[in-house]
Amino acid sequence: MSYSLPELSYDYSALEPHISARIMELHHSKHHKAYVDGANNALAQMAEARESGNFANINRLEKDLAFHLGGHVNHSIFWTNLAPDAGGTPEGEVAAALDEFFGSFGAFKAHFQAASLGIQGSGWGVLAWDPIGARLIIQQLFDQQGNTAQGTVPILQLDMWEHAFYLDYQNVKADYVTAFWNIVNWDNVAKRFAAARANAGASLLV
Ligand code: MN
């Protein structure tokens, strides 16, 4: 098996009252687990196809791999972007970069919220490092894998699938997004930003 479900560094109840233990348990142990299993299954079926030389299902398998691996990557980042007793405002390099590329922290938040709430269907709000432009950008990621460019590196992601909030917030997505800011792990964002800025361009700009 190539992919496995990562452990969380906090309990399922640790993000309450912003995200309930019930959502966290279902989201991690069922939804994320299904993406891990789906990605491993797609790889296994691709190996079978190579062995048999029968590629009749290759289009479906490529879509399955993109979707399920996307789901695994997205959730693996998302869990670390969150922490109990977190939130507040970023400091240091992240704060300076948000000012540089979005004008201010407030303008970044407004842009990120609007992009997240505006997603038509299922998807993610994403703050990403674009190594070609050497800048931070905000993306609407559709489903688990669509509407983005190769090579951008996610720094902060917000799950806008209904399974991420519906038990707690029903249709009031804006309250979920507002609550998200109380549990953003800015230390993790800073680590991801530093790593992306230092290394992400190397593989693209050879
Ligand atoms: Mn999810």
Side-chain angles (χ1 to χ4, degrees), residues 1-43 62-84 86-87 109 111-129 137-149 152-186 188-189 191-192:
M1 291 297 162
S2 293
Y3 307 112
S4 58
L5 186 66
E7 298 271 325
L8 300 187
S9 65
Y10 42 79
D11 294 336
Y12 286 142
S13 62
L15 303 179
E16 290 186 344
H18 309 295
I19 300 178
S20 67
R22 183 64 179 144
I23 281 189
M24 287 300 298
E25 180 180 7
L26 288 167
H27 202 172
H28 177 258
S29 71
K30 304 295 185 189
H31 289 279
H32 188 168
K33 176 71 160 49
Y35 295 119
V36 169
D37 293 345
N40 284 324
N41 192 35
L43 285 186
E62 295 290 354
K63 283 182 180 171
D64 283 353
L65 181 62
F67 179 77
H68 291 291
L69 179 54
H72 177 40
V73 170
N74 293 329
H75 289 88
S76 297
I77 294 168
F78 183 51
W79 306 135
T80 66
N81 280 162
L82 305 178
K109 266 180 78 171
H111 181 166
F112 187 91
Q113 286 187 181
S116 298
L117 290 170
I119 290 165
Q120 296 176 328
S122 297
W124 296 73
V126 180
L127 172 68
W129 178 251
I137 59 173
I138 290 170
Q139 302 167 314
Q140 287 182 325
L141 181 62
F142 294 160
D143 298 319
Q144 301 292 359
Q145 77 278 35
N147 200 47
T148 185
T152 58
V153 181
I155 304 295
L156 174 66
Q157 299 203 190
L158 175 57
D159 193 337
M160 294 305 299
W161 283 59
E162 285 192 346
H163 68 228
F165 63 84
Y166 208 83
L167 283 178
D168 290 349
Y169 296 93
Q170 287 79 52
N171 61 315
V172 191
K173 282 197 274 191
D175 285 356
Y176 165 65
V177 175
T178 299
F180 164 71
W181 298 114
N182 295 314
I183 47 175
V184 172
N185 182 351
W186 289 111
N188 178 261
V189 173
K191 282 181 194 158
R192 291 186 177 282

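Whatever order the structure lists ligands and atoms in, that order sets their numbers, starting from 1. Everything numeric here is computed off the predicted structure, so don't read it as measured data. Residue indices begin at 1 and follow the sequence shown.
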(message) Tell me which one of Asn188, Asn185, Asp159 satisfies side chain to side chain donor-acceptor pair (under 3.5 Å) with Asn81.
(response) Asn188

(request) Could you check Phe67, Tyr3, Phe78 and say which one makes a ring-ring contact (aromatic ring centres under 6.0 Å, His included) with Tyr35? (result) Phe67

(message) I need the protein N, O or S atoms closer than 2.8 Å to the Mn ion (ligand 1), given as residue plus atom name.
(response) His27 NE2, His75 NE2, Asp159 OD2, His163 NE2

(message) Using 30° and 60° as the class boundaries, would you call the ring planes of His27 and His31 parallel, tilted or perpendicular?
(response) perpendicular

(request) Scan side-chain atoms only and decide if Asn147 and Gln140 contain a donor-acceptor pair under the 3.5 Å cut-off. (result) no

(request) On the 0 to 90° scale, with breaks at 30° and 60°, tag the Tyr169-Tyr176 ring pair as parallel, tilted or perpendicular. (result) tilted

(message) I need the single residue from His28, Glu7, His32 that forms a side chain to side chain donor-acceptor pair (under 3.5 Å) with Trp79. Which is it?
(response) His32

